Visitor: 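Below is the structure I would like to discuss, written out as structure tokens.
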Protein chains: 2
Amino acid sequence: MENLTRKQREIKEREDRILDLARRMLAEGGYLGLSMDGIAEQLEYSKGTIYNHFPCKEEIIISLAVETMDRRLGMFQRAAEFVGRSRERISAIGVAAELFVRLYPHHFFVEQIIRSASIWEKTTEKRRSLMQSCEHRCMGIVSGIIRDGIGQGDLKLPDGIVPEDVAFGLWSQCFGAYSIIATSDSLPQLGISDPFVAVRRNISTMLDGYAWQQLSSDYDYQQLFERISSEVFADEYQTLQSV
Amino acid sequence: MENLTRKQREIKEREDRILDLARRMLAEGGYLGLSMDGIAEQLEYSKGTIYNHFPCKEEIIISLAVETMDRRLGMFQRAAEFVGRSRERISAIGVAAELFVRLYPHHFFVEQIIRSASIWEKTTEKRRSLMQSCEHRCMGIVSGIIRDGIGQGDLKLPDGIVPEDVAFGLWSQCFGAYSIIATSDSLPQLGISDPFVAVRRNISTMLDGYAWQQLSSDYDYQQLFERISSEVFADEYQTLQSV
DNA sequence: ATTGTTTCTGACGAAGCGTCAGAAATAAGG
DNA sequence: CCTTATTTCTGACGCTTCGTCAGAAACAAT
């Protein structure tokens, strides 16, 4: 793998710096805060050089989004390896999702931007399908655990409901809640003192509704949450605590 | 109320035309598709005139968002008046939310943009608090129904959970799901054939998890959905069918 | 008819995007 | 080591959009 010339290494390294700076600019000032001129200036390269890496602003954003989803996918994979009953494993996914958004809010923010700015027209098909495949694999992990649960008799879905429908429910609950949390500073005024706890309870209650064993009345999922955090995601959890 | 000069009426009418065009431009090309120059050109006024109405692009977007939330608030109010047990009334809210997003996707899109583009810095405190108050009242309606349910013995929340937490769950479930539906065209590939139905089932299951009477096993909420659509929201439902 | 006020206009400066001819650096060949 | 070919880098350029503002035009009051 080390058959790269000095030049090629330089280029790769510069690309990382571009993405790193771009993410910060995006976090700072949203879509408009990210400026090609600004990148060139701050990195002390000419604009042309930046455009050698990325043909347009939108491609940078997509690249950031792919990085983001890769990172989460990694955490989901680690979570899925948690040894335990199916509902414990899905809880591990929940821990991963929450830790991810709390630890890397900038990453999550990129995903929100992707979903609203219409940047798709300008980007190549390749990047788009790369993103989709990340999304698919994330969903696949979750659906897989649900299927395992069904196979092991922990869960039985009613007619007309497939595991993907439930996975979609978890996904939208998380995405929606985390979006609202990130962009609304008046939740305490609305009477929601700890929205993250509220999300966990709501999701847990939905799974109870599907009668996924073991029910939250027979098991301390709050304690499991702590255990998974400190066992599976020790480093991440540490970081979060210290902030 | 009719003490307006011809001029003033002209101005009011023009403001509506600006907002109408702006919404279409926004729906067409996102944040970037909305251009002040474009508005001036298409409406055949000079830019200065447009800027007499709105001091910046962002204020237009906020105005659109307020329109949006007002409209939904209206539908929520009608839904809340539905006569029935508490869980039937919350179902009516669900119908309103779904009809709203399906009938007025442009309106919903504005809300998504608001939540990602960083437009808040440029806008006045007044508009912002106007939006918040809309949000609060929407939440208030939902929380109110939940409280009614508790008062009438249909529902009992576990310790540490307040009605607002449950309302937050419904809100985030809907917002997340509708966002994903609006911006992801690969849901069928993921195995989710009818995402709107999936949302309804997931929400219903969550309410079952809270043991909100009557449980979905004892009541045909699918049929209730149809009934509310055609009774409370006859016009809207009609429009939706014909599209 | 004259004066004062409101409303409208479009040229302007600033900033950002993406391009491209030519300069500079690097690699290859003798 | 010098020449030539190739790659990489540069920044001026054209274009679009934002938001401003001095002056023109329309309107109202006297």
Side-chain angles (χ1 to χ4, degrees), chain A residues 3-19 21-64 113 117-124 127, chain B residues 3-19 21-22 24-26 28-64 113 117-124 127:
Chain A
N3 46 359
L4 296 168
T5 68
R6 176 179 64 76
K7 196 84 212 174
Q8 284 171 310
R9 266 180 286 120
E10 258 178 47
I11 290 176
K12 175 77 185 72
E13 200 260 349
R14 186 170 54 205
E15 190 147 318
D16 290 344
R17 287 209 294 149
I18 292 174
L19 287 175
L21 175 60
R23 192 186 302 283
R24 274 179 290 140
M25 291 175 101
L26 210 57
E28 183 73 28
Y31 181 87
L32 291 180
L34 173 58
S35 122
M36 300 302 264
D37 289 63
I39 291 175
E41 196 182 342
Q42 287 200 44
L43 257 36
E44 293 180 276
Y45 286 101
S46 78
K47 265 198 330 173
T49 303
I50 309 298
Y51 275 94
N52 275 355
H53 289 269
F54 301 96
C56 65
K57 212 172 137 163
E58 281 68 25
E59 289 276 320
I60 294 188
I61 298 181
I62 302 270
S63 295
L64 290 176
I113 288 183
S118 36
I119 56 183
W120 299 106
E121 291 102 54
K122 289 195 183 177
T123 56
T124 57
R127 302 252 191 196
Chain B
N3 48 358
L4 295 168
T5 67
R6 176 179 63 75
K7 197 82 210 175
Q8 284 172 309
R9 268 180 283 119
E10 259 178 48
I11 290 177
K12 176 77 185 76
E13 201 259 348
R14 186 169 54 203
E15 190 147 319
D16 290 344
R17 287 209 294 148
I18 293 175
L19 286 175
L21 176 59
R24 276 179 287 139
M25 292 175 102
L26 211 56
E28 183 74 29
Y31 181 86
L32 291 180
L34 173 59
S35 123
M36 300 301 266
D37 290 60
I39 291 175
E41 196 182 342
Q42 287 200 44
L43 257 35
E44 294 180 274
Y45 286 102
S46 78
K47 264 192 337 162
T49 303
I50 309 299
Y51 275 93
N52 275 355
H53 289 270
F54 301 96
C56 65
K57 215 172 136 162
E58 281 69 23
E59 288 277 322
I60 294 189
I61 298 181
I62 302 268
S63 294
L64 291 175
I113 288 183
S118 36
I119 57 184
W120 298 103
E121 291 103 54
K122 288 195 186 178
T123 56
T124 56
R127 301 252 191 198

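In the text below, chain A, chain B and the rest are named by the order of the sequence lines, each starting its count at 1. Just so it is clear, the model here is predicted, and its values are computed rather than measured. Because only heavy atoms are used, hydrogens play no part in the values below, and waters and symmetry mates are left out as well, while side chains stay in.
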Visitor: Can you tell me how far the OG atom of B:Ser46 sits from the CG atom of B:Asp37, to the nearest 0.5 Å?
Guide: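 Here the rounded value is 11.0 Å.
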Visitor: Evaluate the criterion side-chain contact (heavy atoms from CB on, under 4.5 Å) for residue pair A:Met36 and A:Ile60; output intermediate values, then yes/no.
Guide: CA-CA 10 Å; A:Met36 300 302 264; A:Ile60 294 188; 3.8 Å; yes
Visitor: For C:dC8, does either OP1 or OP2 sit under 4.0 Å from a side-chain N or O belonging to B:Arg14?
Guide: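 Result: yes.
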Visitor: Taking side chain as C-beta onward, heavy atoms only, is A:His53 less than 4.5 Å from A:Ile11?
Guide: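 Yes, their side chains come closer than 4.5 Å.
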Visitor: Please state how far atom CD in A:Glu10 lies from atom C1' in D:dT7, giving the value in whole angstrom units.
Guide: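 The answer, rounded to whole Å, is 13 Å.
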Visitor: From the options D:dT8, C:dT7, D:dT10, select the nucleotide whose nearest atom is closest to the side chain of B:Asn52.
Guide: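 It is C:dT7.
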Visitor: Return the value, rounded to whole Å, for the distance between atom CE of B:Met25 and atom P of D:dT16.
Guide: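 Going from CE in B:Met25 over to P in D:dT16 covers 14 Å.
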Visitor: What's the spacing between A:Ile113 CD1 and B:Tyr31 OH if we round to 0.5 Å?
Guide: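 Interatomic distance, A:Ile113 CD1 to B:Tyr31 OH, rounded to 0.5 Å: 11.5 Å.
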Visitor: Please list, for nucleotides 18-20 of chain C, all pairs of protein and nucleotide N/O atoms separated by less than 3.5 Å.
Guide:
residue : atom : partner : partner atom : Å
C:dG18  : OP2  : A:Tyr51 : OH           : 3.0
C:dG18  : OP2  : A:Lys57 : N            : 3.3
C:dG18  : N7   : A:Lys47 : NZ           : 2.9
C:dG18  : O6   : A:Lys47 : NZ           : 2.4

Visitor: Do the non-hydrogen side-chain atoms of B:Tyr45 and B:Arg17 ever get within less than 4.5 Å of each other?
Guide: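 Yes. Closest side-chain heavy atoms under 4.5 Å.
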Visitor: For A:Leu34, answer base if it contacts any base atom (sugar-phosphate contacts may also be present), sugar-phosphate if it contacts only those atoms, and nothing otherwise; contact means non-hydrogen atoms under 4.0 Å.
Guide: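 A:Leu34: backbone/sugar contact only, no base atoms under 4.0 Å.
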Visitor: Check whether any side-chain N or O of B:Thr49 sits under 4.0 Å from OP1 or OP2 of C:dT9, and answer yes or no.
Guide: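 For B:Thr49, the contact criterion (side-chain N or O under 4.0 Å from OP1 or OP2 of C:dT9) is met.
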Visitor: In whole Å, I'd like the distance from the CD1 atom of B:Ile39 to the P atom of D:dT17.
Guide: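 Answer to the nearest Å: 12 Å.
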Visitor: Find out whether B:Leu34 and B:Ile39 are in side-chain contact, i.e. whether some heavy atom of one side chain is under 4.5 Å from a heavy atom of the other.
Guide: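 B:Leu34 reaches B:Ile39 side chain to side chain.
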Visitor: Rounded to the Å, how far apart are A:Phe54 CZ and D:dT8 P?
Guide: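 Answer to the nearest Å: 16 Å.
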Visitor: Mind checking side chain to side chain donor-acceptor pair (under 3.5 Å) for B:Arg24 and listing every partner two or more places apart, or none if nothing turns up?
Guide: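 Counting only residues at least two positions away or on another chain, B:Arg24 forms a side chain to side chain donor-acceptor pair (under 3.5 Å) with B:Asp20.
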Visitor: Rounded to whole angstrom units, what separation is found between the NE2 atom of A:His53 and the P atom of D:dT10?
Guide: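 It is 10 Å, rounded to the nearest whole Å.
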Visitor: Can you measure A:Ile50 atom CD1 to D:dC9 atom P for me and round it to whole angstrom units?
Guide: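 Spelled out: CD1 on A:Ile50 to P on D:dC9 is 10 Å.
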Visitor: Send over the distance from A:Leu43 CG to D:dT8 P, rounded to a whole Å.
Guide: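 So the two atoms are 18 Å apart, to the nearest Å.
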Visitor: Taking CD from B:Glu44 and C1' from C:dG10, how many angstroms apart are they, rounded to a whole number?
Guide: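 Atom-to-atom, B:Glu44 to C:dG10, this comes out as 15 Å.
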Visitor: Which part of the nucleic acid, if any, lies within contact of B:Ser35, taking any heavy atom under 4.0 Å across all strands shown: a base, the sugar-phosphate backbone alone, or nothing?
Guide: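 The residue B:Ser35 makes sugar-phosphate contact but no base contact.
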